[in-house]
Number of protein chains: 2
Amino acid sequence: MEILIVEDEKRIAESLKKNFISEGHHALIAENGEEALKKVDSIEFDIVLLDWRLPKLPGIEVCKRIRETGNQVPIILLTAMSELNNKIEAFSYGADDYITKPFSFEEVFARVNAVVRRVKTSRNEILFGDYTLNILTRSLIIGKEEIKLSDKEFELLRYFLLHKGEIIGKEKLSDEVWKLPFSPSSNLVEVTVKNLRKKLDAYSEHNFIRTLYGEGYIFIND
Amino acid sequence: MEILIVEDEKRIAESLKKNFISEGHHALIAENGEEALKKVDSIEFDIVLLDWRLPKLPGIEVCKRIRETGNQVPIILLTAMSELNNKIEAFSYGADDYITKPFSFEEVFARVNAVVRRVKTSRNEILFGDYTLNILTRSLIIGKEEIKLSDKEFELLRYFLLHKGEIIGKEKLSDEVWKLPFSPSSNLVEVTVKNLRKKLDAYSEHNFIRTLYGEGYIFIND
DNA sequence: AAGAATTATGAAAAATTTTTCATAAATAAT
DNA sequence: ATTATTTATGAAAAATTTTTCATAATTCTT
């Protein structure tokens, strides 16, 4: 995961960063609100941990501005106990959860995972490139075109989108998309990937689904 | 819609009730928390308007107890301005929205509609009889059985469930489910209703989809 | 560069879904 | 009761999706 830590207290920020990296994630630190806004604008994070009390812009203001640009990145606010009765405000500005200080890393990690999972699976639209995958209608939208996807194509594409940047073996896809044990004698996955690629290629130059020879596939956005 | 108004001030309760009825809805009044709990238990409401300040049980406690039984009925809390900083508590007990007193009926009506629409369309599961329709997997669950639905069957059933108790003509279904102008020469709707009924009948005695001769269909839960 | 393994692809086969059609059953009106 | 209208149903036809298969193309290794 790509994680942005917005926190002016270096001790806390570095500690979080170290812990996330040791869990195999990437973490960046922004020391103030403006820096955070710039980073959020240029990098697609999986989650933003946002301190309530920040030097220039208060965290809640940063949160509000991120949402104003239409960015839906999950945001968890880090607040002190005394700020408890402002939480309603936090939600109304579009934060997804909050954690009160002092917190343990385990707590942060658990919340981050919960929010990321919840947000990812509860969204009914997933954006990638110029496309939008609508989960409710199970169709792929680009501009004003609506591309019909078969059930398997939809399930496959959704799986890729929920696991962007991960290397996914055919066994995994067989398990997760087809709910069948992988059979090396079948090339179902390859055929469906081909058909899905054809639909994506019809409206975009981008190679979203890359092949990693001998390993599987990886979905790349940019 | 079936609306429950939980409010001890008769003047307010009656005024709300009158207004809802004039909009073509049904409204019941509960004067205290216990009465509310009983009614919620026996009647399936579309929304509950719940006063924060109630004689015996406080509204928030009623809210909590409703949720404890697994009931997901949308709840809007009616609170006085001074209770503002308790709202976070309201959400954490499972209320869906709140309105601060004093309010206009227009405000209440707008919020009620917004909440009902949001709750209905955002749910991933819709329960009816002993069945659960899972919106994400598009399958019908009863006990441990999973019944496969074709795409059209699913769309039809979902439409019925989102419009329980409404008389729905075949023209409407053709428009909304098939997104096709109704053609009297086709009996697509009838055939799909038949097939959906067969699947529902396989595990339940209940006639969910009733025919109203010359008018259309109506989905009845109980 | 050649051979082996892996992936891609077009087309056919199989399975499923959608739609039509002819007819039966049910309902309302006379 | 009879008739006209509306709805239900089984089965066939059409369309689509899923899967398999044979073969081509690509990638990796030596």
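Residue numbers start from 1 in every chain, and the chains themselves are labelled A, B, ... in the order their sequence lines are given, proteins ahead of strands. Everything numeric in this text was worked out from a predicted model, so none of it was measured.
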Hey, does [X] reach any base, or is it just sugar-phosphate, or nothing, if we go heavy atoms under 4.0 Å?
X	value
B:Asp151	sugar-phosphate
A:Phe154	nothing
B:Thr192	nothing
B:Val193	nothing
B:Lys152	sugar-phosphate

(message) Nearest heavy atom decides the nucleotide; on that basis, is A:Glu153 or A:Ser185 closer to the 5' end of DNA chain D?
(response) A:Glu153

(request) Name the residue closer to the 5' end of DNA chain D, choosing between A:Leu149 and A:Asn187 according to the nucleotide with the nearest heavy atom. (result)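 It is A:Leu149 whose nearest nucleotide is closer to the 5' end.
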
(message) It should be established whether A:Thr211 places a side-chain nitrogen or oxygen under 4.0 Å from OP1 or OP2 of nucleotide C:dT6.
(response) no

(message) Less than 4.0 angstrom between a side-chain N/O of A:Tyr217 and OP1 or OP2 of C:dA8, yes or no?
(response)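 Checking C:dA8 against A:Tyr217, a side-chain N or O does come within under 4.0 Å of OP1 or OP2.
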
(message) If I compare all heavy atoms of A:Ile75 with all of A:Cys63, which pair ends up nearest, and what's the gap?
(response) CD1-SG, 3.9 Å

(request) Indicate yes or no: does B:Glu34 engage B:Lys38 in a salt bridge with an N to O separation below 4.0 Å. (result) no

(message) Does anything in residues 162-172 of chain B come within less than 4.0 Å of DNA chain C? Heavy atoms only, and list the residues if so.
(response) none

(request) Please check if atom NZ in A:Lys120 has more than 12 non-hydrogen atoms from other residues, nucleotides or ligands closer than 6.0 Å. (result)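 Count over threshold, so yes.
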
(message) Please list all pairs meeting ring pair (Phe, Tyr, Trp, His ring centres under 6.0 Å) that have one or both residues in residues 103-125 of chain B, counting only residues at least two apart or in different chains.
(response)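 Found B:Phe20-B:Phe105, B:Phe105-B:Phe109.
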
